[in-house]
Amino acid sequence: MRYQLLSKDEFLHAMRRENTLLIDLRDPGSFARWHLPGAVNRSYDAIRDWSAELDRSQKILLYCSHGNESILAARYLGSRGFQVYSLIGGVGNRR
């Protein structure tokens, strides 16, 4: 399975669908200050560990600060059969 890049509006629409998992790849401090509702915080550096626990029937929505790590994670997960989406450009460093 491949991955898809989504615009902000497409990403927000996808968040409303059932059977989705929203993953924030930013550092824990940024996540603690602000994150999208329902997101879980995971480190890209530990993707091999936490991806082993993911449900392949779920759609995976990824975001990070600038879109770089979420694209790398989407490629990794997509190559392993997950249905995965990445937010284009990330969410920035919200405070």
Side-chain angles (χ1 to χ4, degrees):
M1 175 72 50
R2 297 185 55 172
Y3 68 93
Q4 289 184 325
L5 300 176
L6 299 180
S7 69
K8 177 184 170 186
D9 290 338
E10 292 169 327
F11 196 85
L12 292 172
H13 180 72
M15 284 176 54
R16 294 186 207 110
R17 294 186 187 138
E18 290 186 26
N19 201 29
T20 60
L21 176 62
L22 182 60
I23 300 176
D24 182 326
L25 295 167
R26 297 173 306 144
D27 66 88
S30 295
F31 181 81
R33 283 189 296 278
W34 177 88
H35 58 271
L36 291 171
V40 295
N41 188 222
R42 298 289 183 264
S43 167
Y44 173 73
D45 293 336
I47 193 169
R48 290 180 188 199
D49 297 329
W50 57 259
S51 65
E53 301 170 8
L54 296 177
D55 180 349
R56 290 191 192 282
S57 70
Q58 283 188 304
K59 293 178 178 101
I60 311 297
L61 303 175
L62 303 169
Y63 70 93
C64 62
S65 291
H66 302 290
N68 300 326
E69 283 190 345
S70 63
I71 288 174
L72 294 173
R75 285 181 185 157
Y76 178 84
L77 295 173
S79 72
R80 281 148 182 81
F82 291 96
Q83 188 173 358
V84 61
Y85 305 87
S86 175
L87 176 61
I88 296 171
V91 295
N93 293 320
R94 292 183 168 257
R95 293 180 189 258

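Nothing fancy with the numbering, it's 1 onward along the sequence.
Under a 3.5 Å cut-off, the side chain of Asn41 and the backbone N or O of Ile23 do not form any donor-acceptor pair. Distance alone, capped at 3.5 Å, is enough to place a donor-acceptor pair between the Tyr63 side chain and the Leu36 backbone. Of the possible polar contacts, none joining the Arg26 side chain to the Ser43 backbone as a donor-acceptor pair under 3.5 Å is found. In this structure a side-chain-to-backbone donor-acceptor pair under 3.5 Å is present from His35 to Phe31. Checking side-chain atoms of Trp50 against main-chain N and O of Tyr44 turns up no donor-acceptor pair under 3.5 Å.
Rounding to the nearest 0.5 Å gives a distance of 9.5 Å between CG of Leu5 and CG of Leu87. Taking CZ from Phe82 and NZ from Lys59, the interatomic distance works out to 14.5 Å, rounded to the nearest 0.5 Å. Rounding to the nearest 0.5 angstrom, the gap separating the OG atom in Ser86 from the CG atom in Leu25 is 8.5 Å. If you take CZ on Arg56 and CD on Gln83, they are separated by 12.5 Å, rounding to the nearest 0.5 Å. Here the straight-line distance linking atom OG of Ser51 with atom CZ of Arg42 works out to 11.0 Å at 0.5 Å rounding. From Leu22, atom CG reaches atom CD1 of Ile60 across 10.0 Å, with rounding to the nearest 0.5 Å.
Minimum interatomic distance between Asp24 and Ala39 (heavy atoms only, all atoms of both residues): CB-CB, 4.3 Å. The two residues Ala74 and Val84 come nearest to each other via the heavy atoms O-CG1, 3.4 Å.
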Next item on the list: Could you walk me through whether Leu62 and Tyr3 pass the side chain to side chain contact (heavy atoms under 4.5 Å, CB included) test, one step at a time?
Entry: CA-CA 10 Å; Leu62 303 169; Tyr3 68 93; over 6 Å; no
Next item on the list: Might you work through the side chain to side chain contact (heavy atoms under 4.5 Å, CB included) test for Leu54 and Leu77, ending with a clear yes or no?
Entry: CA-CA 10 Å; Leu54 296 177; Leu77 295 173; 4.0 Å; yes
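Checked by atom type, the side-chain pair Arg17/Thr20 shows no donor-acceptor distance below 3.5 Å. No hydrogens or angles considered: a donor-acceptor pair under 3.5 Å links the side chains of Asp55 and Ser57.
Two residues are said to be in side-chain contact when any heavy atoms from C-beta on lie closer than 4.5 Å; Trp34 and Val91 meet this criterion.
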